[in-house]
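The next block holds one structure in the form of structure tokens; read it before the comments.
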Amino acid sequence: MPFQTTIERPVATEGTGLHTAVKSHLRLVPAPADTGIVFRRVDLDGFEIEAHARNVARVSYATSLMKKGVFLCTIEHLLAALYSCGVDNVYVEIDALELPMLDGSAQPFVEMLNAAGIRRLRRRRRYLKIVRPLELVEGDRRIGIYPADEFRVRCFVDYPHPLVGRQEVELAVNRATFSHLLAPARTFGFVKKFIGLRAMGLIRGGSLDNAIVIADDRIMNGPLRFDDEFGRHKALDMIGDLALVGRPLLGRVEGHKAGHALHTQLVTRLLADPSLWIETTFETSAAPVEHSQPQGVTRAELHPSD
Ligand SMILES: [Zn+2]
């Protein structure tokens, strides 16, 4: 799609935040070209926070934004849906400090976008095309971004739990692949860590309805939607964090036991070093790429856990 997009008509939902347990109303509203994804705290006179790496707040448990002291958290599932479905411009009106968790996946957001419709605008898209690799390593965790003619992600997770273990997901990200292969994958949490997280004031809104809960020997609220739902959810989270680039990417991202902190560091370092990328429209240098882009559900290599 060489042209920018927005949504056709407003759509709304409501629900409770995972960490704060605060109830919020969320509304997506069409926005003009070159707006990007902009949150509006309608409970604070419409204060705007752009979904951009420069506004990232340094917290580890969820992707959060902070601008002039105004905070907004758990934005990654909505951003993953908007970014993967190719919505470049939208206002996200929200009346609380955390987005609703809904069922813990990005599926409800994809359904909202289906209901809203996607409208093409006249302005061309400006892609960020990776021309030199960038890798970040932190102990046994790492993330890298490499040149590619489409947006691809590869995500490897390894949890010391017999029901999770190692899972690896790789796919070209577009509306069809995201909707079918990643969006339904839910957030997950371990019973063992529950008390510690609660003591830190987190997951106050967590329940068996908005996260997969994993006990020592069983899934408390199965069945799983995919055998490797955990790896798929982490790939979803990674895409949501990459959306903070603020523009569509042409590049391949590989995460190895990475998390929000590494994902957002990659975005910040990438944007800070213009020798790593070029800005392009399909009209110019990347024209042949558009025709080679696979249609519909494309190749998705999904490796079951070892
Ligand atoms: Zn998540």
Side-chain angles (χ1 to χ4, degrees), residues 13 15-22 24 26 37 39 51 56-65 72-85 92 94 97-113 141 143 153-159 161 164 167-169 171 173 177-190 193-194 197 200 202-214 219 221 224-226 228-244 253 255-267:
T13 190
T16 303
L18 173 68
H19 293 294
T20 59
V22 169
S24 67
L26 179 145
I37 299 167
F39 291 95
V56 166
R58 300 202 185 286
V59 293
S60 59
Y61 52 87
T63 306
S64 309
L65 300 175
L72 186 62
C73 70
T74 320
I75 58 172
E76 60 269 29
H77 301 163
L78 173 63
L79 287 189
L82 291 167
Y83 202 59
S84 303
C85 293
V92 183
I94 174 94
L97 78 172
E98 184 173 16
L99 268 65
M101 194 56 177
L102 307 173
D103 72 348
S105 79
Q107 183 81 46
F109 293 127
V110 167
E111 284 163 11
M112 281 175 82
L113 295 178
R141 302 169 185 273
I143 190 164
V153 299
R154 181 163 168 227
C155 182
F156 173 84
V157 302
D158 185 3
Y159 288 88
H161 188 290
V164 186
Q167 301 187 350
E168 188 173 1
V169 175
L171 73 166
V173 183
T177 58
F178 182 80
S179 302
H180 293 108
L181 301 173
L182 299 187
R186 291 162 295 168
T187 306
F188 55 95
F190 298 92
K193 292 190 178 169
F194 184 84
L197 289 169
M200 289 165 69
L202 301 174
I203 62 162
R204 288 170 186 274
S207 78
L208 294 171
D209 296 324
N210 61 21
I212 306 167
V213 180
I214 309 164
I219 307 287
N221 51 350
L224 294 178
R225 294 178 178 177
F226 305 98
D228 57 352
E229 190 166 355
F230 314 106
R232 292 184 196 232
H233 185 79
K234 285 296 171 184
L236 185 169
D237 280 343
M238 192 161 92
I239 295 167
D241 290 343
L242 290 166
L244 296 170
V253 181
H256 186 98
K257 299 173 71 173
H260 293 300
L262 263 187
H263 300 161
T264 51
Q265 273 181 50
L266 182 84
V267 172

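Whatever order the structure lists them in is the order used to number ligands and atoms, beginning at 1. Both backbone and side-chain heavy atoms feed into the values below; hydrogens, waters and symmetry mates do not.
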Residues passing the side-chain hydrogen bond (donor to acceptor under 3.5 Å, both in side chains) test with S105, sequence neighbours excluded, are D103
Which residues and atoms, counting only protein N, O or S, are under 2.8 Å from the Zn ion (ligand 1)? H77 NE2, H233 NE2, D237 OD1, D237 OD2
Please work out which of the three classes, parallel, tilted or perpendicular, describes the rings of F188 and F230, given edges at 30° and 60°. perpendicular
With sequence neighbours excluded, tell me which residues meet side-chain contact (heavy atoms from CB on, under 4.5 Å) with A243. L79, Y83
Look only at the side chain of N221 and the backbone of A211, and say whether a donor-acceptor pair between them is shorter than 3.5 Å. yes
The criterion is side-chain contact (heavy atoms from CB on, under 4.5 Å); which residues satisfy it with T20, sequence neighbours excluded? V22, L97, E98
Counting only heavy atoms not in R225, do more than 12 fall under 6.0 Å of its CZ? yes
